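Notes to accompany the following structure.
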Amino acid sequence: MGLHQMTDRIELVQGDITQQETEAIGNAANSRLAGGGGVDGAIHRAGGPSLMEDLKANYPRGCPTGQAVITGGGRLKARYVLHAVGPVYSGKPKDAELLASAYRACLSLCSQHGIKTAAFPSISTGAYRYPLKEAAPIALRTVAAYLTTHPEIALVRFVLFDSATYAAYQQALEVIQGRFAS
Ligand code: APR
């Protein structure tokens, strides 16, 4: 199946990831797993203290950039939170590899844990200053490629917080779909 079919299992919405009812939601964390502002702050506020307790108990040494760890969802509707660490934008080629790796790490956690539906924020495009025009295609191509060989994942939803971010992902998705439209 071409990439076009894969994007059938990708959804874009504008909204608040803490309200999503997917089995898992992704978090844009830092390598210390210390919590923070942005979506990290929103998820910890909505999930409650059990998320940080999980992180401190299971991942005391934090998480390297480009990787992800899993905790329960606490008070969230989602059962799991995938705490991914995206790169701080530097403009070097490594940035793209690390950003793709962060999404792949979340997806492989879903496969390992039998999680079929996940929602992701736009990792690294806030405080970590990754330009949207570069990050959106990386995120979508990485997820679409993973779905190609992982039929067990039924749905990946990108939950974009503002209209500019939504528009960037919408445009990137159209480019990917257009390329494979039969
Ligand atoms: N739902 C969905 N997306 C959100 C929400 C929310 N409730 N709140 C913020 N966002 C969006 C931002 O608008 C941005 O598009 O998440 C995207 C990622 O921005 P950040 O949260 O700043 O994450 P990032 O750029 O990866 O920086 C991570 O910031 O919060 C700290 O602890 C975190 O050190 C880490 C760094």
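Counting starts at 1 for both ligands and their atoms, following the listed order. Each residue takes its place number in the sequence, starting with 1. Side-chain atoms are counted along with the backbone in the values below, which use heavy atoms only and exclude waters and symmetry mates. All values derive from a computational prediction rather than experimental measurement.
Of the N or O atoms in G126, one or more lie within a sub-3.5 Å distance of an N or O in ligand 1. Considering backbone and side-chain N/O atoms, G41 never comes within less than 3.5 Å of an N/O atom of ligand 1.
In this structure, G35 counts as a contact residue of ligand 1, since one of its heavy atoms falls inside 4.0 Å of the ligand. Taking a 4.0 Å cut-off on heavy atoms, S122 registers as neighbouring ligand 1. Taking a 4.0 Å cut-off on heavy atoms, S124 registers as neighbouring ligand 1.
Of all atoms in ligand 1, numbered sequentially from 1 with element shown, those under 4.0 Å from a heavy atom of D40 are 30 (O), 32 (O), 33 (C). Counting the atoms of ligand 1 from 1 in the order shown, those under 4.0 Å from a heavy atom of D16 are 1 (N), 6 (C), 7 (N). Distances below 4.0 Å separate heavy atoms of A28 from the following atoms of ligand 1: 23 (O), 26 (O), 28 (C), 33 (C). Close contacts of ligand 1 with G36, meaning ligand atoms under 4.0 Å from a residue heavy atom, involve 30 (O), 32 (O). Here is the list of ligand 1 atoms found below 4.0 Å of a heavy atom in V159: 2 (C), 3 (N). Near G37, with a cut-off below 4.0 Å to any heavy atom, the atoms of ligand 1 are 30 (O), 31 (C).
Compare Y169, F161, Y130, F158 by their heavy atoms: the one nearest to atom 4 (C) of ligand 1 is in F161. When G38, A34, A127 are ranked by how near their heavy atoms come to atom 22 (O) of ligand 1, first place goes to A127.
Between the side chain of N30 and the main chain of A34, a donor-acceptor pair closer than 3.5 Å is present. The backbone N or O of T71 sits nowhere less than 3.5 Å from a side-chain atom of D54 that would complete a donor-acceptor pair.
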Verdict with reasoning, R9 to V156, per side-chain contact (heavy atoms from CB on, under 4.5 Å): CA-CA 6 Å; R9 286 181 278 154; V156 173; over 6 Å; no
side-chain contact (heavy atoms from CB on, under 4.5 Å) assessment of I70 paired with H113: CA-CA 10 Å; I70 188 168; H113 290 266; 3.8 Å; yes
Criterion ring pair (Phe, Tyr, Trp, His ring centres under 6.0 Å) on Y89 and Y128, from CA distance to verdict: CA-CA 6 Å; Y89 189 67; Y128 282 3; over 10 Å; no
Derivation and outcome, side-chain contact (heavy atoms from CB on, under 4.5 Å), residues L140 and F158: CA-CA 9 Å; L140 291 165; F158 281 90; 3.7 Å; yes
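Side-chain contact of S122 with Y169: a donor-acceptor pair under 3.5 Å is present, judged by distance alone. No side-chain N or O of S163 forms a donor-acceptor pair with one of Q14 less than 3.5 Å apart.
Residue-level proximity to ligand 1 for A42 is carried by the side chain, the only part with a heavy atom below 4.0 angstrom.
Counting protein heavy atoms only, atom 14 (C) of ligand 1 is closest to T125 OG1, 4.0 Å. Closest to atom 36 (C) of ligand 1 among all protein heavy atoms lies Y128 CE1, 3.4 Å. Remark: minimum distance from atom 1 (N) of ligand 1 to any protein heavy atom is reached at I17 N, 3.0 Å. Nearest to atom 9 (C) of ligand 1 among the protein's heavy atoms is V39 N, 3.6 Å.
Under the side-chain contact (heavy atoms from CB on, under 4.5 Å) criterion, L98 pairs with T65, P87, K94, not counting sequence neighbours. Contacts of H150 classified as ring-ring contact (aromatic ring centres under 6.0 Å, His included), with partners at least two apart in sequence or in another chain: Y146.
Within 6.0 Å of atom NZ in K77, more than 12 heavy atoms from other residues, nucleotides or ligands are found, so the atom counts as buried in its surroundings.
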